[in-house]
Amino acid sequence: MNHKIKNPILRGFHPDPSIVRIGEDYYIAASTFEWWPGIRLHHSRDLKNWELAGYLVSRTSQADLRGVGASQGIWAPCLSFDDGVFYLVYTVVKAFYCNMYDTFNYLITAEDIRGPWSEPVMLNNFGFDPSLFHKDFIKAKLYIERHYDENLTLEVLAKEVHMNPYYFSSFFKKNAGENFKDYVSRVRVQHAVSLLVSTDMKAYEIAMQTGFSDARVFSENFQRIYHETPKEYRKRAKQMKH
C-alpha cells in the first residue's frame, strides 16, 4: 500500500488550515472569507485521503456576513479539543480601511465536531487570527464573556475556577496583562461597541445592558480604551459606512 503523501493534501481553495488530531481522526478547518456557510471542515484517518465533513459556522447568529466585501468575512479559524469539547475561534472582518483592532473575534464549542455548535462568545476586538490556549485562565475568560452584564466580582469568578480570591487576582493579572476590574470593563466596552454601531440605543441604555453601573462609568471606560467618547465613536462608524 502506498502511504506517500503529496502536497498539497487539499487541492484548491483551503486557506489558513487549522488541524487537530483526536485518536485516529484528523480534522482540518479552513477559512472561507465571504463565502457561506463558513469554515469548511475536512476529515481524514491517514493524512492522505480527505473528505468534506461539513461547515462549522452555519447560522447567521454565529457570523453575519451580510454586506462584507471580497476577501473579508471569516478569517483564520483555530480548531482545538480539550476534555471532550471542541473549540473553534475565528475572526469576522467587515472592512479593511478601519483600525484593525476593531475586528470581531468569536468562540464556539461543540461536543461533536459535526455539531450542533454553540452560539458564539465574543472574545475581544483586538487584532485578528486568534488562537486558544487551554488553561484555567481560558475558563475564567469564558465565564466573563457569558456573565459580563451581571454584577461580576473577583470573588465570584475565583470560586468558579476553584481558586483563592487573593491568588486568583495575581494569577489573572499575570495572564491577562491587566487587573480583573480593567479586563471586565474592556469586555463590557467591546460588547458596547457592537450596540453602538448596530442600534440607536442611548448611552445609559447601553451601559445598563453591558453591566456598567451608569452612563458616566461607561463613558469613562470607553474613553480609556478608545480615546474618544461613545458618541464620537458612533459618529465615526456611521461615516465609514457611507
Side-chain angles (χ1 to χ4, degrees), residues 61-63 77-92 101-111 117-199 201 203-226 230 233:
S61 60
Q62 295 170 323
C78 176
L79 180 64
S80 58
F81 181 83
D82 182 48
D83 196 24
V85 177
F86 288 94
Y87 294 82
L88 182 72
V89 291
Y90 55 95
T91 303
V92 176
Y101 290 151
D102 287 342
T103 56
F104 294 96
N105 297 301
Y106 298 99
L107 166 68
I108 56 177
T109 61
E111 294 183 2
W117 285 82
S118 69
E119 287 299 293
V121 171
M122 182 182 291
L123 297 179
N124 57 49
N125 297 8
F126 194 82
F128 50 92
D129 296 359
S131 292
L132 195 61
F133 177 62
H134 293 268
K135 198 176 179 181
D136 289 337
F137 178 59
I138 297 300
K139 294 179 182 178
K141 288 181 66 175
L142 285 174
Y143 189 87
I144 292 172
E145 291 292 343
R146 290 167 178 160
H147 300 273
Y148 67 90
D149 56 343
E150 302 174 7
N151 182 24
L152 191 57
T153 66
L154 179 71
E155 289 73 20
V156 167
L157 189 53
K159 183 178 180 180
E160 187 68 24
V161 295
H162 310 291
M163 290 187 186
N164 174 278
Y166 180 79
Y167 173 77
F168 178 73
S169 177
S170 175
F171 167 82
F172 190 92
K173 185 174 183 179
K174 179 180 178 181
N175 284 275
E178 58 185 336
N179 64 43
F180 171 78
K181 182 179 178 180
D182 287 345
Y183 182 88
V184 172
S185 294
R186 184 182 297 276
V187 170
R188 287 170 172 164
V189 166
Q190 289 166 353
H191 284 275
V193 164
S194 179
L195 295 175
L196 278 171
V197 300
S198 64
T199 75
M201 294 173 64
Y204 77 89
E205 294 174 320
I206 293 176
M208 291 178 61
Q209 189 158 325
T210 53
F212 288 104
S213 57
D214 55 49
R216 180 185 59 81
V217 175
F218 164 50
S219 182
E220 289 175 351
N221 280 276
F222 194 97
Q223 291 181 70
R224 175 175 62 85
I225 296 170
Y226 281 94
Y233 185 96

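The model shown is predicted, which means the values in this text are computed figures rather than measured ones.
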Chemist: Does a side-chain heavy-atom distance below 4.5 Å link Thr199 with Gln209?
Modeler: no

Chemist: Indicate yes or no: at least one non-hydrogen side-chain atom of Arg188 is less than 4.5 angstrom from one of Phe212.
Modeler: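 Yes. Closest side-chain heavy atoms under 4.5 Å.
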
Chemist: Are the side chains of Phe222 and Leu196 in contact, using a 4.5 Å heavy-atom criterion?
Modeler: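 The answer is yes, as the side chains (C-beta and beyond) meet within the 4.5 Å cut-off.
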
Chemist: Could you walk me through whether Phe172 and Leu154 satisfy the side-chain contact (heavy atoms from CB on, under 4.5 Å) test, starting with their C-alpha distance in whole Å, then the side-chain angles of each, then the deciding distance to 0.1 Å, before giving a yes or no?
Modeler: CA-CA 10 Å; Phe172 190 92; Leu154 179 71; 5.6 Å; no

Chemist: Search all heavy atoms of Pro130 against all heavy atoms of Cys78 and return the closest pair with its distance.
Modeler: O-CB, 3.5 Å

Chemist: With a 4.5 Å cut-off on side-chain heavy atoms, are Leu88 and Tyr90 touching?
Modeler: yes

Chemist: Are Asn175 and Phe171 packed together at the side-chain level, in the sense that at least one heavy-atom pair is separated by less than 4.5 angstrom?
Modeler: yes

Chemist: Is it true that, when you exclude Met163 itself, more than 12 heavy atoms of the residues, nucleotides or ligands shown sit nearer than 6.0 Å to its CE?
Modeler: yes

Chemist: If you define the side chain from C-beta out and look only at heavy atoms, does anything of Leu107 sit under 4.5 Å from Lys141?
Modeler: no

Chemist: Would Asp182 and Arg224 count as a side-chain contact (heavy atoms from CB on, under 4.5 Å) here? Give the steps.
Modeler: CA-CA 10 Å; Asp182 287 345; Arg224 175 175 62 85; 4.1 Å; yes

Chemist: When you check the gap from the basic side-chain N to the acidic O, do Arg216 and Glu220 get nearer than 4.0 Å?
Modeler: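 Looking at Glu220 together with Arg216, the answer is yes, because their closest N to O distance falls below 4.0 Å.
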
Chemist: State whether a side-chain donor-acceptor pair under 3.5 Å links Gln223 with Ser219.
Modeler: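 The criterion, which ignores hydrogens and geometry beyond distance, is satisfied for Ser219 and Gln223.
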
Chemist: Minimum heavy-atom separation for Val121 to Arg146, with atom names?
Modeler: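 Smallest interatomic distance, heavy atoms only, reads CG2-NE, 3.9 Å.
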
Chemist: Is there a side-chain contact between Phe137 and Lys174, using heavy atoms and a 4.5 Å cut-off?
Modeler: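 When only atoms from C-beta onward are counted, Lys174 and Phe137 do not touch, as no gap falls below 4.5 Å.
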
